[in-house]
Amino acid sequence: MAKLECKSAQKGVVSAWVEVENITDRQVAEARARLDRLLVTNMQISDAVATAFVELTTCAPKANPSDLWQHVIYRHLLESGWSDQRWKRVSGFALERVFVNLYQPRLLSNQVRMHILNKKEANKLITKLGITDVQASKVDLFIEGRRGHEWLVFGAAHVKSSIAERIQDDVPASLAFMDKGLLS
C-alpha cells in the first residue's frame, strides 16, 4: 500500500495523507518518474499523460484506477507546478486517449473499434450521419462495428472528467445521436 501526501495549495493548510491499496510507494515513484520523462519528449502532453496512466494501470492492475489518476498522476503534476486549469485542459484529452488505449484491443476482438477524429473529419461524419446542431467538439469518441469489409458508425462515447461538462456537453450531443438510432 502506498501512502501519498496531498498538499494544499493554500498556505497554512496541513497536508492530508491518502493510502492507495494495491500499489507500492516504489511503483508510485517509478510511475511519476516515467511521467516526467514522457513530458519532456516530443510527444503531445495529453499523450504523455495517457501513456503514463495506461502503463501505471498495467503495472498495478488491482489498484483503483480513480485513485491512480487522482493521487498518482494529478497530484504529482500539481506538485510539479501545474495549475489546476492546465490539468483540466490536458486531462480531458488524455482521458479520451486512455479509453482508446485500454479498450481498443478488447473491442477489436469483437469487430468493434473506437477512435478520436480531428475536427474536420468529425464534423464531416456528423453531417453524414444526419445529425444537426452538434459540433465535433461535443463528440469525443466514435464507435464503429465491422459489417463485412466495412466499418460503420453505430455510436459515440462522451469521455468527461467533470460533472458540469457531462451535463452541458454530453446530454444534447447524446440525445442527437440517439434520435438517429445510434448508441451514446
Side-chain angles (χ1 to χ4, degrees), residues 6 9 35 38-39 43-58 63-78 82-184:
C6 297
L35 174 57
L38 288 168
L39 288 170
M43 182 182 286
Q44 258 189 353
I45 293 174
S46 57
D47 286 329
V49 171
T51 299
F53 181 71
V54 169
E55 290 175 3
L56 179 58
T57 59
T58 301
N64 180 332
S66 179
D67 287 342
L68 299 177
W69 185 254
Q70 174 72 24
H71 299 299
V72 178
I73 303 289
Y74 169 65
R75 291 279 173 198
H76 176 65
L77 293 173
L78 288 182
W82 281 41
S83 68
D84 192 54
Q85 187 58 40
R86 183 177 186 198
W87 167 253
K88 287 175 184 173
R89 279 193 312 274
V90 170
S91 66
F93 293 117
L95 197 55
E96 292 168 12
R97 285 151 178 79
V98 165
F99 271 61
V100 171
N101 290 334
L102 285 176
Y103 292 107
Q104 193 77 296
R106 299 172 196 175
L107 294 172
L108 282 173
S109 65
N110 292 299
Q111 304 299 306
V112 174
R113 69 181 182 187
M114 66 169 73
H115 53 99
I116 303 166
L117 296 176
N118 67 40
K119 183 179 178 179
K120 183 179 176 181
E121 292 171 326
N123 279 328
K124 185 177 174 181
L125 182 55
I126 289 168
T127 300
K128 182 179 174 183
L129 294 169
I131 298 171
T132 57
D133 299 328
V134 173
Q135 296 298 311
S137 62
K138 305 304 180 193
V139 181
D140 301 318
L141 302 173
F142 289 88
I143 304 173
E144 298 175 320
R146 182 179 230 146
R147 182 182 291 161
H149 297 291
E150 190 176 13
W151 288 94
L152 304 170
V153 172
F154 68 86
H158 309 280
V159 183
K160 299 289 184 277
S161 55
S162 83
I163 189 68
E165 280 186 290
R166 283 186 218 132
I167 293 168
Q168 289 177 319
D169 292 345
D170 291 352
V171 171
S174 187
L175 290 172
F177 265 70
M178 290 186 296
D179 283 347
K180 294 296 180 183
L182 301 165
L183 298 177
S184 179

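In what follows, residues are counted from 1 in the order of the sequence shown.
Asp84 CG: more than 12 foreign heavy atoms inside a 6.0 Å radius. The environment of CD in Glu121 is crowded: more than 12 heavy-atom neighbours from other residues, nucleotides or ligands sit within 6.0 Å.
At a threshold of 4.5 Å between non-hydrogen side-chain atoms, the residues Arg113 and Leu108 count as touching. Between Phe93 and Val49, every side-chain heavy-atom pair lies at or beyond the 4.5 Å cut-off. Between Lys128 and Val153 there is no side-chain heavy-atom pair separated by less than 4.5 Å. At a threshold of 4.5 Å between non-hydrogen side-chain atoms, the residues Ile143 and Phe154 count as touching. In this structure, Lys119 and Ser137 have side chains that are not in contact, with every pair of non-hydrogen atoms separated by 4.5 Å or more. Looking at heavy atoms from C-beta onward, Ile131 lies in side-chain contact with Leu182 at the 4.5 angstrom threshold.
Across every non-hydrogen atom of Met178 and Ser184, the tightest pair is CG-CB, 4.1 Å. Across all non-hydrogen atoms, the minimal contact from Ala52 to Leu38 is N-CD1, 3.7 Å. Across Trp69 and Val98, no two heavy atoms sit closer than the pair CZ3-CG2, 4.3 Å. When all heavy atoms of Ala48 and Leu35 are compared, the closest pair comes out as O-CD1, 4.0 Å. Closest approach of Ser46 to Ala94, counting heavy atoms only: O-CB, 3.4 Å. When all heavy atoms of Phe177 and Leu183 are compared, the pair lying nearest together is CD2-O, 4.2 Å.
Interatomic distance, His71 NE2 to Ser66 OG, rounded to the nearest 0.5 Å: 7.0 Å. Atom CG of Asn64 is separated from atom CD of Gln70 by 11.0 Å, given to the nearest 0.5 angstrom. Atoms SG and CZ, from Cys6 and Arg75 in turn, are 4.5 Å apart once rounded to the nearest 0.5 Å. Atom CG of Asn101 sits about 10.5 Å away from atom CE of Met114, to the nearest 0.5 Å. A distance of 5.5 Å separates CZ of Phe142 from CG of Leu117, quoted to the nearest 0.5 Å.
Aromatic ring pairs are classed by plane angle as parallel below 30°, tilted from 30° to 60° and perpendicular above 60°; the pair Trp82 and Trp87 is tilted.
With hydrogens and angles ignored, the 3.5 Å screen pairs a side-chain donor or acceptor of Ser109 with a backbone N or O of Arg106. Remark: the backbone N or O of Arg147 is not paired with any side-chain donor or acceptor of Gln111 at under 3.5 angstrom. Of the possible polar contacts, one joining the Asn118 side chain to the Lys120 backbone as a donor-acceptor pair under 3.5 Å is found.
Considering Val72, Leu77, Leu78 in turn, Leu78 is the only one that fulfils the side-chain contact (heavy atoms from CB on, under 4.5 Å) rule with Tyr74. The only member of Leu102, Val54, Ile116, Thr51 that meets side-chain contact (heavy atoms from CB on, under 4.5 Å) when paired with Arg97 is Ile116.
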What verdict does the side chain to side chain contact (heavy atoms under 4.5 Å, CB included) test give for Lys138 and Ile126, after you've listed the backbone C-alpha separation in whole Å, the side-chain angles of each residue and the deciding distance to 0.1 Å?
CA-CA 11 Å; Lys138 305 304 180 193; Ile126 289 168; over 6 Å; no

Going through the distances and angles, do Tyr103 and Leu141 end up as a side chain to side chain contact (heavy atoms under 4.5 Å, CB included)?
CA-CA 12 Å; Tyr103 292 107; Leu141 302 173; over 6 Å; no

